[in-house]
Amino acid sequence: MSVRRLLSPLISSRLLAPERLRAQRRKAEAKRVRSGRGHVVEAFVQLDDPYTYLLAQRLVEFVERFDVELLLHLVPPPDEASAPEAELLTSYSLVDARRLAARHGLQFDAVQEPSPDAVDDAQRYWLAVDESERLTATVLCGEFLWAGADLPSSPRSSSVEPALTRGARHRDALGHYLGATCFYEGEWFWGIDRLPYLEERLEELGARNGSEVAVWVDEGGGQGEPEEAGARDLHWYLSFRSPYTWVAAERVVQLAERHGARLQLRYVLPMVMRGLPVNPKKGRYILLDTNREARRRGVAFGRICDPVGEPVERGYSLLPWAIDQGQGNSYVLSFLRQVWSEGTNAGNDRGLQRIVESAGLDWQEARAHLGSTDWKSVAEANRIELFDLGLWGVPSFRVDQVAVWGQDRLWVIEEELRR
């Protein structure tokens, strides 16, 4: 066992412990109070990003409800290491933003990207307005870029690149890589999906002015009484190395059971094992974000033994056999639970035996299939199928022609299964 894998469960359990987060927040609050600083929220604006337009609309309400100072920074799109499939991300974000807007009661119905000239004009307009007007300007730029509205014929800034560079450097220094993000006292919150976490923290600090509280609207997956079997296929694109896959795992199994759907396990290789670059800041944010999502949803998480590399391959070598045994779902749940919440090393026989037997399978029989490479062609076919859907990351889900990416989009699949 490598030193990294030996220490990983201990380090991760301490890093992600709830008491550590509470201690960090107490320390940040004490420092803020000593400095005499108010509640300062920094938002990073990428004007050609649909999620920025949605966030800006919600921030208009947010600043009315909370006693905060909002600082906005203009930023460029993420680099390749942060968004290795940029074209797919851009196309999918249009579809996803339309769904989110409808669910949240916001404005967005665009079906194509704005032109580079339009983006440049919006950025120059945004930079020329007074800082106190930049949230309003962000909304106006969104209406211009995504809804065909006109921008005011006011003066434009002569230069955009220096501001984009400053914004990107500041975001990088604080530890993130995306637009449509908010930063408050050491924590990051992406888009309208994670804004309720920021609202909850500010409310705990007594910074709320109004009577409204944070509302989660992404719920879905496996709740309620079973319905009549629909005999539809629910395709689950998963990776054993994806912590978000684990957060979704029990819900998607329950969702399929509730609607009588056949759950199809579409396993793919992790992005890093496909040679795609990964920004270290992205990895850290994903881990911290998964941790709070897991806590909110009651999923055990935090004692981690990263299965990247050989552990994933060993795990996948047994998956076709487990599926043939009618225990594919149980095996996937067992593997994910063991590596993401119990610190089990799937890279050795003792750890993998524990995973297999926890799934109700026979270890001696499993050993005959261990190391098989039959799974590789299946994983590659699943990856190609995923890309053909316009998706690239996991967990993703599909029912008929409706496909979504992300554990917090299961409500889209549930709505489709109800049709």
Side-chain angles (χ1 to χ4, degrees), residues 1-17 20-21 24 28 42-44 46 49 51 73 75-86 88-89 93 164-191 193-194 197 239-247 268-295 301-313 336 339-341 343 345-347 392-395 405-408:
M1 180 188 294
S2 70
V3 173
R4 179 180 63 84
R5 288 203 181 117
L6 177 64
L7 296 179
S8 179
L10 178 62
I11 292 174
S12 61
S13 61
R14 290 180 177 176
L15 175 66
L16 302 174
R20 184 175 186 271
L21 175 60
Q24 289 176 327
E42 299 187 63
F44 292 81
Q46 180 192 330
D49 172 22
Y51 300 113
H73 308 280
V75 294
D79 60 22
E80 183 182 4
S82 303
E85 302 294 344
L88 291 177
L89 173 61
S93 66
L164 290 173
T165 300
R166 286 195 304 272
R169 287 177 177 171
H170 183 52
R171 176 181 61 186
D172 185 70
L174 293 176
H176 216 281
Y177 53 98
L178 290 177
T181 46
C182 292
F183 178 82
Y184 176 75
E185 300 294 349
E187 283 186 77
W188 283 95
F189 311 87
W190 177 78
D193 287 279
R194 302 299 187 262
Y197 284 120
S239 163
F240 281 171
R241 210 246 171 167
S242 162
Y244 287 128
T245 294
W246 166 230
V247 174
V268 300
L269 270 178
M271 295 177 71
V272 69
M273 293 175 65
R274 288 184 260 140
L276 295 174
V278 177
N279 184 337
K281 291 181 173 62
K282 180 178 181 179
R284 178 176 175 80
Y285 173 73
I286 286 175
L287 197 62
L288 296 174
D289 183 59
T290 303
N291 189 42
R292 64 188 174 191
E293 281 287 277
R295 287 201 311 272
F301 182 80
R303 188 170 177 82
I304 300 166
C305 190
D306 187 355
V308 66
E310 185 181 1
V312 165
E313 294 181 343
L336 292 168
V339 300
W340 293 110
S341 71
N345 179 17
W392 65 100
V394 296
W405 169 42
Q407 59 88 20
D408 42 16

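Note that the structure is predicted; figures quoted are calculated from it, not measured. All values below were derived from every heavy atom in this structure, side-chain atoms included, with hydrogens, water molecules and symmetry-related copies excluded.
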Closest heavy-atom contact between [X] and [Y]?
{"X": "S12", "Y": "G302", "value": "OG-O, 2.9 Å"}
{"X": "P78", "Y": "Q46", "value": "CD-OE1, 3.7 Å"}
{"X": "D306", "Y": "V308", "value": "OD1-N, 3.1 Å"}
{"X": "P76", "Y": "A168", "value": "CD-CB, 3.8 Å"}
{"X": "A180", "Y": "D49", "value": "CB-OD2, 3.6 Å"}
{"X": "V394", "Y": "V268", "value": "CG1-CG2, 3.6 Å"}

Please tell me if the side chains of [X] and [Y] come closer than 4.5 Å, counting only heavy atoms from C-beta onward.
{"X": "R20", "Y": "S13", "value": "no"}
{"X": "R284", "Y": "L15", "value": "yes"}
{"X": "F44", "Y": "W188", "value": "yes"}
{"X": "P243", "Y": "I286", "value": "yes"}

Subject >> W405-Y244 aromatic ring centre distance below 6.0 Å >> reply: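 Aromatic pair excluded; centres sit 6.0 Å or further apart.
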
**OP:** Mark yes or no for whether T181, through its side chain, and W190, through its backbone, hold a donor-acceptor pair below 3.5 Å.
**Re:**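 Flag not set: sc T181 to bb W190 has no pair under 3.5 Å.
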
Subject >> Main-chain N/O of E187 paired with Y197 side-chain donor or acceptor, under 3.5 Å >> reply: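 No, Y197 side chain to E187 backbone: no donor-acceptor pair under 3.5 Å.
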
Listed by chain and number, what are the side chain to side chain donor-acceptor pair (under 3.5 Å) partners of [X], not counting sequence neighbours?
{"X": "N291", "value": "none"}
{"X": "Y177", "value": "none"}
{"X": "T245", "value": "S242"}
{"X": "E42", "value": "H73, H170"}

Just jot down the side-chain contact (heavy atoms from CB on, under 4.5 Å) partners of [X], sequence neighbours excluded, or say none.
{"X": "D172", "value": "K281"}
{"X": "R14", "value": "L10"}
{"X": "A28", "value": "E185, R201"}
{"X": "T165", "value": "R169"}

Subject >> With Y285 via ring-ring contact (aromatic ring centres under 6.0 Å, His included) - residues at least two apart >> reply: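 Listed in chain order: H176.
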
**OP:** Please name all residues satisfying ring-ring contact (aromatic ring centres under 6.0 Å, His included) with F301, sequence neighbours left out, ordered by chain then number.
**Re:**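 F301 satisfies ring-ring contact (aromatic ring centres under 6.0 Å, His included) with no other residue.
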
**OP:** From the options L287, T290, V339, select the one residue that forms a side chain to side chain contact (heavy atoms under 4.5 Å, CB included) with I304.
**Re:**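 The single option meeting the side chain to side chain contact (heavy atoms under 4.5 Å, CB included) with I304 is L287.
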
Drop me the distance from [X]'s [atom1] to [Y]'s [atom2], to the nearest 0.5 angstrom.
{"X": "F240", "Y": "W246", "atom1": "CZ", "atom2": "CH2", "result": "12.0 Å"}
{"X": "R171", "Y": "L178", "atom1": "CZ", "atom2": "CG", "result": "7.0 Å"}
{"X": "E310", "Y": "E313", "atom1": "CD", "atom2": "CD", "result": "7.5 Å"}
{"X": "L88", "Y": "W392", "atom1": "CG", "atom2": "CH2", "result": "6.0 Å"}

Original post:
Does the pair R194/D408 count as a salt bridge with the N-to-O cut at 4.0 Å?
Top reply: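 Salt bridge present between R194 and D408.
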
